[in-house]
Q: 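Structure incoming, see below.
A, B, ... follow the sequence lines: proteins, then strands. Residue 1 opens every chain.
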Number of protein chains: 4
Amino acid sequence: MLLQLDYKDSRPIYEQISDGCRKLILAGVLAPDEPMPSVRSMAMELSTNPNTVQKAYAELERQGVIYTVKGRGNFVSGDLKAPLGARKAELREKIAMLLKEADELGIDRNELLEGMVKK
Amino acid sequence: MLLQLDYKDSRPIYEQISDGCRKLILAGVLAPDEPMPSVRSMAMELSTNPNTVQKAYAELERQGVIYTVKGRGNFVSGDLKAPLGARKAELREKIAMLLKEADELGIDRNELLEGMVKK
Amino acid sequence: MLLQLDYKDSRPIYEQISDGCRKLILAGVLAPDEPMPSVRSMAMELSTNPNTVQKAYAELERQGVIYTVKGRGNFVSGDLKAPLGARKAELREKIAMLLKEADELGIDRNELLEGMVKK
Amino acid sequence: MLLQLDYKDSRPIYEQISDGCRKLILAGVLAPDEPMPSVRSMAMELSTNPNTVQKAYAELERQGVIYTVKGRGNFVSGDLKAPLGARKAELREKIAMLLKEADELGIDRNELLEGMVKK
DNA sequence: GTGGTCTAGACCACA
DNA sequence: GTGGTCTAGACCACA
């Protein structure tokens, strides 16, 4: 796995793990039905506690990004349309809030996005 | 003050207060050198702990948005150019990160910003 | 609180707690915006670990039955329509599955429900 | 066999197998004294662990649904009255519990069963 | 081997 | 005071 924990990050460790995995999975780096690293092995790799990884995986399962088979492990979800759509909606909402604040500060949206988006 | 606390907001109370005040001040709703509501009165108004308002004000002072005069209270900064510029840079950086994630998920930037920005 | 843990129950403790609380709340025993017992106090009362109660409360928050205010505690949700509706749908689905199995075994639905429902 | 495992099902694999087989047998799809698929072949067919199928068969034997002849295999019970009656009682009890919860939530039983039972 | 639950206890941010 | 995170470690069911 290509995950890197950052102790300066304000997000808790379990969230860095779930966010990182979700990103990799939704980006297609991990294929559907492929097994995730086991809770224990990922904990070893990241030098963290298995409970912390478990919490991250539980969140991913809740989001529909992975599924758990008892006694066998965790696997990348077969259908990622829903979680991908959900994430897209989240990104849109976050950007909308930031742009709204810019409006209130009198900052022009196009100026704020200068160089970030092709017109 | 036109502040409204939202307990479903994931941000802690003190941050909602400092974010809200900064927004109002940078948007020009509160004029430079005007006095801020006292810590006590704002705590009363928001039904929250004075320590919490204190923490919010400390953050605003750190950002240069307000200044404190011992024994007299807190006042809106006379020169808001620096904090306004800093906030603008923050907004840009946050949006950039969100757009980068969208790229990685294969979401087109223009599609993501659909209806949020005039072309 | 009127909660009783049952160690013979196959459900894990945290689920007994969340199920029990949800039942009490949705039944109207606890009023909206009333504070839940603190994580620590409920753990004491049930002679269980605070982490276990926390897990139960996290589940209730996810279901929209309670909301958490950092540093203040957990409170009964103000609007219980959604979780009540969700629970009703769950009950319907469970009953439907049981009735479907009865059909397959050749058991008449009306006979199975004998004495449980007024015609 | 017409069994289908569902990894999204919350029941463990062995229980899905025993539930599924019991359903087929009690519904008359498999005739009394007919041989069950061997543990090995069913494990192959379901791509699961033989231990898991073994556990499912043990459960079915305990319930009187099948019987085991050492060295020869597992066979559908000759007399299914007892297990059928037991299952019916189980279904009744489960439904009764769900209806009781509905009562406590103020949901009308007839409304909950809407469309599921002829009056 | 796998994940799931639970405990005891520490430490933190927040109000 | 409150909840949130994390660790270390035990024990269990399941495959």
Side-chain angles (χ1 to χ4, degrees), chain A residues 5 7 10-17 35-43 46-58 60-61 66-75, chain B residues 5 7 10-18 39 43 46-56 58-59, chain C residues 5 7 10-17 35-43 46-58 60-61 66-75, chain D residues 5 7 10-18 39 43 46-56 58-59:
Chain A
L5 294 186
Y7 285 96
S10 66
R11 289 173 302 168
I13 297 176
Y14 80 90
E15 203 174 316
Q16 291 184 42
I17 297 175
M36 298 288 290
S38 81
V39 169
R40 284 167 171 83
S41 68
M42 177 162 280
L46 299 177
S47 304
T48 190
N49 189 290
N51 285 337
T52 305
V53 177
Q54 180 119 32
K55 191 168 183 177
Y57 277 16
L60 290 172
E61 188 179 19
I66 65 176
Y67 61 91
T68 300
V69 185
K70 275 183 192 166
R72 299 231 282 185
N74 291 278
F75 302 83
Chain B
L5 295 184
Y7 289 130
S10 66
R11 290 173 301 169
I13 305 295
Y14 85 90
E15 202 174 318
Q16 291 185 43
I17 297 174
S18 62
V39 169
L46 299 176
S47 305
T48 192
N49 195 306
N51 291 339
T52 308
V53 178
Q54 184 59 54
K55 187 165 185 178
E59 175 64 12
Chain C
L5 294 184
Y7 285 97
S10 67
R11 290 173 302 169
I13 296 176
Y14 79 90
E15 203 174 316
Q16 291 185 42
I17 297 174
M36 297 288 290
S38 81
V39 169
R40 285 167 170 85
S41 68
M42 176 161 281
L46 299 177
S47 304
T48 190
N49 190 290
N51 286 338
T52 304
V53 177
Q54 180 119 34
K55 191 167 183 179
Y57 278 16
L60 289 172
E61 188 179 19
I66 65 176
Y67 62 91
T68 300
V69 185
K70 275 181 193 168
R72 300 230 283 184
N74 291 278
F75 300 84
Chain D
L5 295 184
Y7 290 130
S10 65
R11 291 172 300 170
I13 306 294
Y14 84 91
E15 202 174 318
Q16 291 185 43
I17 297 174
S18 61
V39 168
L46 299 177
S47 306
T48 192
N49 194 306
N51 291 338
T52 306
V53 178
Q54 184 60 54
K55 186 164 186 178
E59 176 64 11

Q: Please report the interatomic distance OG1(A:Thr48) to CD1(A:Ile17), rounded to the nearest 0.5 Å.
A: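 Separation between the atoms: 5.5 Å.
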Q: Please name all residues satisfying ring pair (Phe, Tyr, Trp, His ring centres under 6.0 Å) with A:Tyr14, sequence neighbours left out, ordered by chain then number.
A: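 If we apply the ring pair (Phe, Tyr, Trp, His ring centres under 6.0 Å) test to A:Tyr14, skipping adjacent residues, there are no hits.
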Q: Who pairs with D:Asn51 by side chain to side chain contact (heavy atoms under 4.5 Å, CB included), at least two apart in sequence or on another chain?
A: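 With sequence neighbours excluded, D:Asn51 shows a side chain to side chain contact (heavy atoms under 4.5 Å, CB included) to D:Asn49, given in chain and number order.
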Q: In whole angstrom, what separates D:Leu46's CG from F:dC14's C1'?
A: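 Between C1' of F:dC14 and CG of D:Leu46: 16 Å.
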Q: Mind checking side chain to side chain contact (heavy atoms under 4.5 Å, CB included) for A:Arg40 and listing every partner two or more places apart, or none if nothing turns up?
A: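 Only A:Ser38 meet the side chain to side chain contact (heavy atoms under 4.5 Å, CB included) criterion with A:Arg40.
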Q: With C:Glu61, which residues qualify under side-chain hydrogen bond (donor to acceptor under 3.5 Å, both in side chains), at least two apart?
A: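 So C:Glu61 forms a side-chain hydrogen bond (donor to acceptor under 3.5 Å, both in side chains) with C:Thr68.
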Q: If the condition is side chain to side chain contact (heavy atoms under 4.5 Å, CB included), which residues does B:Gln16 pass it with, not counting sequence neighbours?
A: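 Result, side chain to side chain contact (heavy atoms under 4.5 Å, CB included) vs B:Gln16: B:Leu5, B:Asp6, B:Asp9, B:Arg11, B:Ile13.
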Q: Do nucleotides 2-11 of chain F as a string where each nucleotide becomes B, S or -: B if the base has a protein heavy atom under 4.0 Å, S if just the sugar-phosphate does, - if no protein is that close.
A: BBBBBBBB--
Q: For Watson-Crick and G-U wobble pairs within 3.5 Å on both distances, what is DNA chain F written in dot-bracket notation, | included for inter-strand pairing?
A: ||||||||||||||.
Q: Taking ring pair (Phe, Tyr, Trp, His ring centres under 6.0 Å) as the definition, give me every residue that meets it alongside C:Tyr67, ordered by chain and number, with sequence neighbours left out.
A: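 Ring pair (Phe, Tyr, Trp, His ring centres under 6.0 Å) check on C:Tyr67 returns C:Phe75.
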Q: Using side chain to side chain contact (heavy atoms under 4.5 Å, CB included) as the criterion, list what pairs up with D:Gln54, not counting sequence neighbours.
A: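 So D:Gln54 forms a side chain to side chain contact (heavy atoms under 4.5 Å, CB included) with D:Val39.
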